[in-house]
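Take a look at the structure set out below.
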Amino acid sequence: MNWRGLAVCVMLAALCLITWFALEKKDRPFQASLTSKQEVVFWHFWGGEDRDVVDDVVRRFNESQEQYFVRSIAMPGNNLQAKLFLSVAGGDPPDLVNQDDPVIADWGERGVIKAIDEIIPDEDVQSLESWMFDSARRLTTYQGRLYGICNGLDIRALYFNQTVLDRFGFQPPKTIEELSAISTTISGNGDDESGSFAYLPDSRRLWAWGYVFGADFYDSEIADVQVDSPEVINALRWMTSFSKKFGPDNIIAYRKGDQSLPGKAFPLLPVSDDELVGRYSILMDGQWRVRNIVEFQKDRQTRGLAVPKFGVCPLPIPKDSTGRERAGWVNGNFFVVPKNAKNAKGAVEFAKFWIGFNSPVEAARTCADGGWIPVSSKVAETKVFQDYTDSNPLFAQFVNLAKSKNQFPIPQVVGASMFRRTVESAAYRAITNPDLKIETILRDADQEIQIHLDRVNRRIGNDK
């Protein structure tokens with residue numbers, strides 16, 4: 001070997017040694033933590049900017065105490081359930097999983113997850129339940145037992161373009177009748193002078209409007225499906241009135257136009273620089289759209305363009321009816337502890353840290369960093385989070401709605417996913433075929449769901 005080859009070998013050896021030393025040094029704190037702390041394996045589905053927020057929560061928890069060490073693993077959302085089932089069947093599940101689908105009842109009955117009272121004392125469970133918003137507690141309660149710990153809420157409200165409403169002399173609607181009047185005045189067939197429909201109902205949002213009209217959809221005391229109740233019928237009849245007014249073909253064609261928007265653009269926002277209105281003047285959506293509005297307004301201001309004003313209001317209620325104020329459909333993220341988890345107590349401790357049960361300020365930091373709605377007034381009332389909502393007034397409206405006792409999830413039943421699909425399919429059928437009898441459509445859906453749930457309940461021995 002000549003001197004050049006020897007020099008190359010020495011350099012490669014040195015590089016390998018340096019790399020090994022760097023990696024070994026980097027891993028040392030992790031290994032040391034594992035030897036002195038009990039590991040908690042945490043599966044979640046967050047990516048992008050949200051992944052950074054999650055990693056920061058994990059880091060803060062790991063540094064906050066000496067008993068547990070959380071190791072977070074990002075899992076693709078499409079494969080998470082299948083991998084979880086396989087891990088439980090194989091006896092090697094993670095200790096904690098984050099989820100956002102209506103699976104609490106199904107997983108609880110299958111024995112895939114533990115009830116929280118199997119992990120911590122009853123009095124601690126009761127403290128958790130009383131500490132949370134009603135909306136957060138309902139998301140993880142099945143047959144009176146807590147099967148998960150909610151760590152973030154998704155609330156729906158009405159976004160509105162105040163610039164457009166001002167042009168026509170309207171205030172944000174407080175009643176269904178006012179919303180209908182705004183729609184009639186501003187909207188033509190999608191080609192009026194504003195260039196958009198004022199508002200169009202979405203069949204997937206019958207849940208939200210049903211709760212506003214006073215519906216319950218399901219009576220858990222007697223296991224009775226109530227999809228064809230007068231309240232649901234009235235809600236769907238109102239939603240279908242838009243199809244009768246504007247024509248179902250026009251609405252279907254216009255909705256398809258929403259799909260032509262680039263990426264995940266918010267249809268409330270104008271696309272062209274010379275416009276002040278998007279495809280809609282009023283639109284129901286969740287708190288995550290606040291970020292879109294803020295970015296849009298900053299971009300326009302930077303470029304010296306006219307900036308429309310936007311606002312958020314609760315879903316309006318029917319006038320002179322039994323409707324619920326500040327009502328709607330809620331969902332969100334929650335933690336569950338799989339059966340045979342090796343460190344269930346550590347998993348619950350991390351979940352409690354995340355939601356701020358023992359330290360609301362820590363959760364306030366998490367929610368402010370992620371733009372997430374907290375699950376307790378104790379967190380929402382901290383100065384850290386108040387500073388955040390003061391600088392984000394649109395977001396603050398959603399936080400206020402999260403406190404309402406009239407925010408309800410999809411019924412917590414075994415077969416909740418089927419329940420959801422059938423209700424939304426019935427709503428779509430009615431809206432796209434307004435000449436069909438709504439009572440018949442909902443009665444058929446009601447019977448289909450009831451038969452399915454009765455069959456499932458007989459199989460699992462939950463007959464009422």
Side-chain angles (χ1 to χ4, degrees), residues 102 156 173 175-184 187-190 197-220 222-256 258 280 282-284 315-324 327-329 408 410-411 413 415-456:
R156 274 76 181 174
T175 67
I176 290 291
E177 291 74 15
E178 290 175 359
L179 178 54
S180 296
I182 291 173
S183 174
T184 299
S187 299
N189 287 321
F197 275 104
Y199 172 79
L200 288 178
D202 186 329
S203 58
R204 298 169 299 172
R205 301 299 177 246
L206 176 56
W207 293 105
W209 290 119
Y211 289 130
V212 165
F213 273 74
D216 291 317
F217 290 98
Y218 185 74
D219 186 337
S220 60
I222 58 176
D224 182 46
V225 179
Q226 298 181 345
V227 167
D228 61 347
S229 68
E231 295 82 6
V232 181
I233 290 172
N234 289 338
L236 187 53
R237 180 176 290 119
W238 172 72
M239 294 170 70
T240 304
S241 69
F242 287 78
S243 296
K244 292 182 176 180
K245 185 186 306 179
F246 301 117
D249 293 340
N250 288 332
I251 290 179
I252 291 171
Y254 194 80
R255 285 287 194 197
K256 288 183 178 179
D258 295 344
Y280 303 94
I282 300 175
L283 196 63
M284 184 197 300
L315 302 183
I317 62 174
K319 186 178 181 181
D320 301 326
S321 78
T322 57
R324 298 185 179 103
W329 167 55
F408 300 94
I410 290 169
V413 296
S417 295
M418 179 271 182
F419 201 140
R420 177 178 182 174
R421 290 193 305 270
T422 306
V423 167
E424 293 175 4
S425 295
Y428 181 80
R429 186 181 177 205
I431 289 174
T432 55
N433 299 274
D435 292 332
L436 296 178
K437 193 172 182 180
I438 291 174
E439 291 84 349
T440 302
I441 293 175
L442 290 177
R443 185 192 65 220
D444 292 345
D446 186 285
Q447 292 177 352
E448 182 180 353
I449 297 168
Q450 189 72 63
I451 290 172
H452 176 77
L453 296 189
D454 287 346
R455 183 169 59 248
V456 170

Straight-line distance of [X] [atom1] to [Y] [atom2], nearest 0.5 Å:
{"X": "D258", "Y": "F197", "atom1": "CG", "atom2": "CZ", "value": "10.5 Å"}
{"X": "R429", "Y": "I438", "atom1": "CZ", "atom2": "CD1", "value": "11.5 Å"}
{"X": "I441", "Y": "D446", "atom1": "CD1", "atom2": "CG", "value": "13.5 Å"}
{"X": "S180", "Y": "K245", "atom1": "OG", "atom2": "NZ", "value": "5.5 Å"}
{"X": "L179", "Y": "I282", "atom1": "CG", "atom2": "CD1", "value": "5.5 Å"}
{"X": "F217", "Y": "D228", "atom1": "CZ", "atom2": "CG", "value": "11.5 Å"}

For [X] against [Y], the heavy-atom pair lying closest together:
{"X": "A416", "Y": "I410", "value": "O-CG2, 4.1 Å"}
{"X": "L442", "Y": "A426", "value": "CD2-CB, 4.3 Å"}
{"X": "A327", "Y": "V212", "value": "O-CG2, 3.8 Å"}
{"X": "P318", "Y": "I176", "value": "N-CG1, 3.6 Å"}
{"X": "L315", "Y": "R156", "value": "CG-O, 4.4 Å"}
{"X": "I431", "Y": "S243", "value": "O-OG, 2.5 Å"}

Taking the side chain as every heavy atom from C-beta outward, state whether [X] and [Y] have any atom pair closer than 4.5 Å.
{"X": "F213", "Y": "W238", "value": "yes"}
{"X": "R237", "Y": "E439", "value": "yes"}
{"X": "Y280", "Y": "L200", "value": "yes"}
{"X": "H452", "Y": "F419", "value": "no"}
{"X": "W209", "Y": "P316", "value": "yes"}

*Short N-O contact, R324 and D216, less than 4.0 angstrom*: yes
*Using the side-chain contact (heavy atoms from CB on, under 4.5 Å) rule, take M418 and E448 through it: C-alpha gap first, then chi angles, then the decisive distance, then the call.*
CA-CA 10 Å; M418 179 271 182; E448 182 180 353; 3.8 Å; yes
*May I ask you to check whether over 12 heavy atoms, not counting those of R204, lie within 6.0 Å of atom CZ?*
no
*Any donor-acceptor pair under 3.5 Å linking the side chain of N234 with the backbone of P230?*
yes
*Is the backbone of T422 close enough, under 3.5 Å, to the side chain of S425 for a donor and an acceptor to pair up by distance?*
no
*Test side-chain contact (heavy atoms from CB on, under 4.5 Å) on L206 and M239 and set out the steps.*
CA-CA 8 Å; L206 176 56; M239 294 170 70; 3.8 Å; yes
*Between Q450 and D454: side-chain donor-acceptor atoms closer than 3.5 Å*: yes
*Which class fits the ring pair Y199 and F242: parallel under 30°, tilted 30 to 60°, perpendicular over 60°?*
perpendicular
*side-chain contact (heavy atoms from CB on, under 4.5 Å) evaluation trace for I449 with Y218*: CA-CA 10 Å; I449 297 168; Y218 185 74; over 6 Å; no
*Cation-pi check, R420 onto W207 ring (under 6.0 Å, within 45° of axis)*: no
